[in-house]
Amino acid sequence: MLDLAYIREHPEEIKQAAAKKRLDVDVDRLLALDVERRTLIKEVEALRAKKNAASDRIAKLVGEEKARAIAEMREASAREKELAATLKEVEAELERLLLLVPSPPAPDVPEGDESANVVIRTWGTPREFDFPLRDHVELAELLDLIDIPRGVKVAGTRFYYLKNEGALLHWAVCRFALDHLVRKGFTPIYVPVLVKREAMVGTGYFPGGEEQAYKIPEDDLFLVGTAEVSLCAYHADEILAEDELPRHYVGYSSCFRREAGTYGKDTRGIYRIHQFDKVEQVVICRNDVEESIREQDFIQENAEEIVRALGLPHRVVVVATAEMGQGQVKKYDIETWMPGRGGYGETHSCSRFYDFQARRLNLRYRTKEGEIKFCHTLNNTAIASPRILIAILENYQQADGSVVVPEVLRPYLGGMEVIRPKR
RNA sequence: GGAGAGAUGGCUGAGCGGUCGAAAGCGCCCGCCUCGAAAGCGGGUAGGCGCAUGACGCGCCUCUCGGGUUCGAAUCCCGAUCUCUCCGCCA
């Protein structure tokens with residue numbers, strides 16, 4: 001959500017932002033409602049002021065005089081009630097529109113769709129294989145690490161079981177990423193994966209993303225698609241102290257995504273699935289553009305450290321405007337090399353929001369001078385598994401189908417160096 | 001899941017339908033005192049919205065939330081939510 005006063009003063013910028021992000025927002029309608037709202041507020045408040053004054057008088061009056069004053073106020077009160085009801089309607093529609101207004105992308109974000117993404121860094125060189133390459137599905141089958149057919153039998157399409165070293169590897173990468181960030185001073189948090197609508201709206205997933213979220217109607221709860229939701233909402237409706245910022249949180253959660261509208265896309269293997277685990281970085285910092293940029297660079301570097309430590313070739317892209325979320329100001333993706341795809345696949349996503357989420361969440365802080373401001377929020381993946389296992393299995397495979405365990409993960413697998421076929 | 005109790009400012013806790021945005025205490029901040037500190041004394045200490053913005057400011061709303069009664073509600077009525085206690089169940 002943006003500051004209404006800012007929208008009022010920069011309508012063209014907002015319209016352009018919507019165009020760049022390929023979003024449809026009726027800015028003119030919003031501005032008209034804004035005017036209407038303030039007009040109504042003035043009228044209602046004038047009536048209330050009059051009423052309040054009369055009310056004080058009535059308390060002291062007696063007899064005839066009192067009866068007459070009461071009769072007058074009855075009318076004023078009725079009129080006020082009418083206006084207040086209209087005001088409420090106007091505010092409801094204004095709020096509805098306000099929730100759709102996008103953040104303008106940063107000036108250095110390329111304009112356009114996915115094809116306009118800009119690769120800013122590449123690390124590592126994809127291996128040349130001197131034997132027939134297996135993709136992760138074949139490797140997992142050979143090594144008995146993933147059971148997709150039974151996942152489908154029990155839970156449906158895009159579900160799976162991880163087993164044996166597959167399961168261990170899954171927990172190993174998560175724990176490795178977690179440990180890495182805790183070492184860097186992040187506060188580890190295990191979070192709710194079912195949240196109220198407010199948390200989904202507060203982080204900007206609703207309205208608009210309802211069809212991507214699993215819903216529990218009986219309790220009016222939603223399964224989160226990322227721990228970002230639970231972590232950002234953690235301090236909702238709070239006023240933090242400036243000297244306790246920035247806050248660095250690393251959350252761990254299962255993530256659930258309906259993947260509606262992706263029928264036939266990425267159907268092989270465990271690339272696109274309904275349930276996975278993710279270690280997520282969330283930063284809450286001061287309302288300062290420079291600080292936000294620094295923090296984004298920081299959490300981006302953290303993610304790259306993790307992928308580098310795993311020895312996986314990857315590249316970093318700046319995501320173009322049309323591929324950005326409504327609230328995002330700038331987004332980096334890490335795409336990791338997946339030999340089976342013969343290309344890079346998205347494994348990490350790092351977003352800067354300024355105060356877009358904080359406004360929706362009513363997440364604020366008090367400056368040393370006593371001023372109250374909205375915080376800035378940022379988030380980035382640390383590791384998402386099992387998708388990252390695709391890269392690990394495929395990049396580390398050997399001619400006989402065995403897979404070398406990346407060195408940094410070995411301590412989490414009891415020192416295991418190679419995962420070998422079960423005869 | 002069943003039964004009961006309760007939700008007031010950062011916290012504790014008063015509050016007759018008008019004089020209550022709200023007593024008192026604690027905490028915190030600023031002064032005085034002191035070599036310094038404690039104690040003591042004095043003062044200050046919620047958020048949102050609208051108008052005005054050179055500054056001081058003025059008005060409206062908020063006593064969990066939503067609705068109702070009333071000229072007027074923290075106080076009365078209804079509903080929701082949450083918390084606590086007891087029972088049952090349970091990883």
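Below, chain A is the first sequence line, B the second, and so on; all start at residue 1.
Going from the P atom of B/G21 to that of B/U75 covers 13 Å, rounded to whole Å. Between B/G27 and B/A22, the two P atoms lie 23 Å apart (nearest whole Å). A distance of about 23 Å separates the C1' atoms of B/C71 and B/G66, rounded to the whole Å. Taking the P atoms as reference points, B/U45 lies 31 Å from B/C35, given to the whole Å. With C1' as the reference atom, B/C78 and B/A73 are 15 Å apart, rounded to whole Å. B/G2 and B/C77 are spaced 27 Å apart, taking the C1' atom of each and rounding to whole Å. To the nearest whole angstrom, the two C1' atoms, one in B/A74 and one in B/G15, are 8 Å apart. Going from the C1' atom of B/G9 to that of B/G44 covers 15 Å, rounded to whole Å.
We find that CG of A/Asp237 is positioned 12 Å from P of B/C65, with the value rounded to whole Å. To the nearest angstrom, C1' of B/C49 lies 9 Å from CD of A/Glu91. Here B/C65 presents its P atom at 14 Å from CG of A/Asn362, a figure rounded to the nearest Å. A straight line from CG of A/Leu87 to P of B/G48 spans 19 Å, rounded to a whole angstrom. Rounded to a whole Å, the CD atom of A/Glu36 is 15 Å from the P atom of B/G50. As a whole-Å value, the separation of A/Glu95 CD from B/G48 C1' is 14 Å. In this structure, CZ of A/Arg366 is placed 13 Å from P of B/U45, rounded to the nearest angstrom. Atom CZ of A/Arg37 and atom P of B/C61 are 15 Å apart (whole Å).
In this structure, the ring of A/His235 has its center less than 6.0 angstrom from the ring center of A/Tyr249.
Look at B/G31: its Watson-Crick or wobble partner, with both distances under 3.5 angstrom, is B/C41. With both pairing distances under 3.5 Å, B/G21 is matched to nothing as a Watson-Crick or G-U wobble pair. Partner assigned to B/A73 is none, using Watson-Crick or G-U wobble distances below 3.5 angstrom. Across all strands shown, B/C78 is found opposite B/G66 as a Watson-Crick or G-U wobble partner, with both distances under 3.5 Å. With a cut-off of 3.5 Å on both Watson-Crick or G-U wobble distances, the partner of B/G50 is given as B/C58. Searching all strands for a Watson-Crick or G-U wobble partner of B/A91 with both distances below 3.5 Å returns nothing. Across all strands shown, B/U83 forms a Watson-Crick or G-U wobble pair, both distances under 3.5 Å, with B/A5.
At a cut-off of 3.5 Å, with distance as the only test, a side-chain donor of A/Asn302 or A/Gln281 sits close to an acceptor on the other residue. Side-chain contact of A/Thr381 with A/Lys278: a donor-acceptor pair under 3.5 Å is absent, judged by distance alone. For the residue pair A/Gln357 / A/Thr377, a side-chain donor-acceptor distance below 3.5 Å is found, with atom types taken as modelled. A/Asp355 and A/His376 form no side-chain donor-acceptor contact under 3.5 Å, judged by distance and modelled atom types alone.
For the pair A/Ile239 and A/Arg38, nearest-nucleotide mapping onto RNA chain B gives the more 5' position to A/Ile239. Mapping A/Ile372 and A/Met73 onto RNA chain B by nearest heavy atom places A/Ile372 at the nucleotide closer to the 5' end.
Residue A/Arg48 has its side chain nearest to B/C60 when only B/C51, B/C60, B/G47 are considered. Considering only side-chain atoms of A/Lys81, the nucleotide from B/U70, B/C61, B/C51 that sits closest is B/U70. Ranking B/G72, B/G67, B/G59 by closeness to the A/Glu45 side chain, first place goes to B/G59.
In this structure, A/Ser77 reaches the B/G72 phosphate: one of its side-chain N or O atoms is under 4.0 Å from OP1 or OP2. Distances shorter than 4.0 Å separate none of the side-chain N or O atoms of A/Asn52 from OP1 or OP2 on B/G72.
The side-chain contact (heavy atoms from CB on, under 4.5 Å) test applied to A/Leu99 returns A/Met1, A/Glu95, A/Val201, A/Pro207, A/Arg360, not counting sequence neighbours.
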Notebook entry, point to check: Passes side-chain hydrogen bond (donor to acceptor under 3.5 Å, both in side chains), A/Tyr332 versus A/Gln296? Steps please.
Noted result: CA-CA 9 Å; A/Tyr332 298 107; A/Gln296 187 175 27; 4.9 Å; no
